[in-house]
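Reading through the structure tokens given below for one structure.
Here is how names work: the chains are called A, B, and so on, in the same order as the sequence lines, proteins then strands, and each is numbered from 1. Please read all numbers here as calculations on a predicted model, not as lab measurements.
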2 protein chains.
Amino acid sequence: MHTINVKPPEVFQALADSTRIRIVRLLAETREVACLCELVDSLLEPQYKLSRHVKVLRQAGLLSAEKEGRWVYHRLVEGIPYLDRLHEALKALPDVDGSFARDLENFRGRMCLREAGRCRIGIQTPELAAGGE
Amino acid sequence: MHTINVKPPEVFQALADSTRIRIVRLLAETREVACLCELVDSLLEPQYKLSRHVKVLRQAGLLSAEKEGRWVYHRLVEGIPYLDRLHEALKALPDVDGSFARDLENFRGRMCLREAGRCRIGIQTPELAAGGE
DNA sequence: TGCATAGTTGCATGTTAGCGCATACATGCG
DNA sequence: CGCATGTATGCGCTAACATGCAACTATGCA
């Protein structure tokens, strides 16, 4: 079910967007699993937007998704040599304006709201649930 | 003169094209320097096309160029952590259809035509010099 | 069974990107 | 100087992409 066919341009194309880089970078740095609403509260981007970006990453073979009740948890696909090295490259990216540090801080704070290791609340910034800021 | 400002999306965008991946992969694998006509004869793509792609890679900070008479030699930018890891990722890419092996073979063959380590001939496939195949 | 909520997706739109063609620029040689 | 040759680029076209809006699906709880 997972990427048997590797299309390099598609993989890099998937990372050719700042929002998608933020998502992957967050998951690469923390090696965590995250549902969509946790990503929304971390990146402070509209839900439909992140939903679509996550889909692109999944289709490129970078992420895998696992449904759990109403929530869908996303994680990095690991164990594939060129992907693992790509993650290393992402972790080595500089954070000139500190925007990634902010994402990371939001994410860690959001993780604290989990119960029994799972997300039990929804989006905490309502105006992002349907778009707009 | 070199990339002081790092824009991650731009870097990955530069690799989000099969032709550009072929170029970078060739240079990463061989750690060689190559002029444009050598790339044309290796990838068998029109000259104007590779010229433009090389420009994109240069602007993204992945390649550096050095003019030498009529020839312009291109090389990988090395020594920057996230770029070096990106090269590792590229070298770890699978070559399912053997197309990269072909590029590599063409490239090595073309290198044999150098005199004193420099390219002294032009494009050997005339129909590619101005485009068309 | 009905509602709230997590997540997905069709549509319209503005923007960007790659390509082929032709042409222009730059350098070296006779 | 003028031509041959390696390289770069403006133009027009077409296709792909990111986004906002709104509607839709899916799951759990009262």
Side-chain angles (χ1 to χ4, degrees), chain A residues 7 9-10 12-23 34-41 43 45-60 63 65-74 110 113-114 118-133, chain B residues 7 9-10 12-23 34-41 43 45-60 63 65-74 110 113-114 118-133:
Chain A
K7 292 185 179 172
E10 206 174 320
F12 287 103
Q13 176 65 47
L15 290 170
D17 176 277
S18 61
T19 305
R20 290 197 292 262
I21 289 183
R22 290 168 73 197
I23 296 172
C35 65
L36 195 63
C37 54
E38 289 172 329
L39 291 175
V40 170
D41 284 335
L43 305 186
E45 295 284 349
Q47 188 230 34
Y48 62 81
K49 185 177 171 181
L50 294 186
S51 175
R52 263 197 273 248
H53 281 310
V54 159
K55 183 182 182 180
V56 172
L57 291 168
R58 210 181 331 115
Q59 291 176 332
L63 295 188
E66 193 178 341
K67 194 160 187 175
E68 196 176 310
R70 270 181 294 195
W71 288 270
V72 178
Y73 287 93
H74 305 277
R110 186 55 163 75
L113 301 182
R114 283 191 178 180
R118 289 299 157 190
C119 179
R120 286 285 163 267
I121 60 178
I123 298 173
Q124 299 302 294
T125 45
E127 67 275 13
L128 294 180
E133 187 177 0
Chain B
K7 292 185 179 173
E10 206 173 320
F12 288 103
Q13 175 67 49
L15 290 170
D17 177 276
S18 61
T19 305
R20 290 197 292 262
I21 288 184
R22 290 168 72 197
I23 296 172
C35 65
L36 194 64
C37 54
E38 289 172 331
L39 290 176
V40 170
D41 284 335
L43 305 186
E45 295 285 349
Q47 180 258 352
Y48 61 82
K49 186 175 169 181
L50 294 185
S51 175
R52 264 197 274 249
H53 281 310
V54 160
K55 182 181 182 180
V56 173
L57 290 169
R58 210 182 331 115
Q59 290 177 331
L63 295 188
E66 194 178 339
K67 194 160 186 174
E68 197 176 310
R70 270 181 293 194
W71 288 269
V72 178
Y73 288 93
H74 305 277
R110 186 55 163 76
L113 301 182
R114 284 190 176 180
R118 289 299 157 191
C119 178
R120 287 284 162 268
I121 59 179
I123 299 173
Q124 298 303 295
T125 44
E127 67 276 14
L128 293 179
E133 187 176 3

**Asked** Whole Å only: how far is the CD atom of A/E45 from the P atom of C/dG7?
**Response** 16 Å
**Asked** With distance as the sole test, does A/Q59 use its side chain to make a donor-acceptor pair with the main-chain N or O of A/V56 at under 3.5 Å?
**Response** no
**Asked** Looking only at atom types and distance, does a side-chain atom of A/Y73 sit under 3.5 Å from a main-chain N or O of A/R118, one as donor and one as acceptor?
**Response** no
**Asked** How close or far is atom P of C/dT8 from atom CZ of A/R70, stated in whole angstroms?
**Response** 14 Å
**Fill in**
Whichever of A/K49 and B/R120 has the more 5' nearest nucleotide on DNA chain D, that residue is B/R120
**Asked** Does a side-chain N or O from B/S51 land closer than 4.0 Å to OP1 or OP2 of D/dT7, or not?
**Response** no
**Request:** Taking only the side-chain nitrogens and oxygens of B/R20, find out if one of them lies under 4.0 Å from OP1 or OP2 of C/dG18.
**Result:** yes
**Prompt:** Can you tell me how far P of C/dT16 sits from NZ of B/K7, to the nearest Å?
**Reply:** 13 Å
**Request:** Please confirm whether any donor atom in the side chain of B/Q13 sits under 3.5 Å from an acceptor in the base of C/dA17, or the reverse.
**Result:** no
**Asked** By salt bridge (Lys or Arg N to Asp or Glu O under 4.0 Å), which residues pair with A/R22, not counting sequence neighbours?
**Response** A/E45, A/D103
**Request:** Would you mind reading off the distance between A/L50 atom CG and D/dG20 atom P, rounded to a whole angstrom?
**Result:** 11 Å
**Request:** In whole angstrom, give the distance that lies between atom CZ of A/R118 and atom P of D/dG28.
**Result:** 14 Å
**Item:** Residue closer to the 5' end of DNA chain C, A/R52 versus A/E38 (nearest nucleotide)
**Value:** A/E38
**Message:** Can you work out whether A/A16 or B/Y73 has the more 5'-proximal nearest nucleotide on DNA chain D?
**Reply:** B/Y73
**Message:** For B/A14, is there any backbone N or O sitting under 3.5 Å from a side-chain donor or acceptor partner on B/R20?
**Reply:** yes
**Asked** Can you tell me how far P of D/dG6 sits from CG of B/L39, to the nearest Å?
**Response** 14 Å
**Item:** Any A/K67 side-chain N or O less than 4.0 Å from OP1/OP2 of D/dT27
**Value:** yes
**Prompt:** Can you check whether A/Y48 has a side-chain N or O nearer than 4.0 Å to OP1 or OP2 of D/dT19?
**Reply:** no
**Message:** Does a side-chain N or O of A/K55 approach OP1 or OP2 of C/dT8 to a distance below 4.0 Å, or not?
**Reply:** no
**Rounded interatomic separation in angstrom, taking CH2 from A/W71 and P from D/dT27** = 13 Å
**Asked** B/L36 has an atom CG; how far is it from atom C1' of C/dC25, in whole Å?
**Response** 14 Å
**Asked** Does the side chain of A/H53 get closer than 4.0 angstrom to OP1 or OP2 of D/dC17 through an N or O atom?
**Response** no
**Message:** Taking B/G122's backbone N and O only, do any of them form a donor-acceptor pair with B/Q124's side chain (distance below 3.5 Å, no angle check)?
**Reply:** yes
**Request:** Would you classify B/I121 as touching base, sugar-phosphate or nothing, given that sugar-phosphate means primed atoms plus P, OP1 and OP2, and contacts are heavy atoms under 4.0 Å?
**Result:** sugar-phosphate
**Message:** Classify B/C35 by what it touches in the nucleic acid, base, sugar-phosphate, or nothing, heavy-atom distance under 4.0 Å.
**Reply:** sugar-phosphate
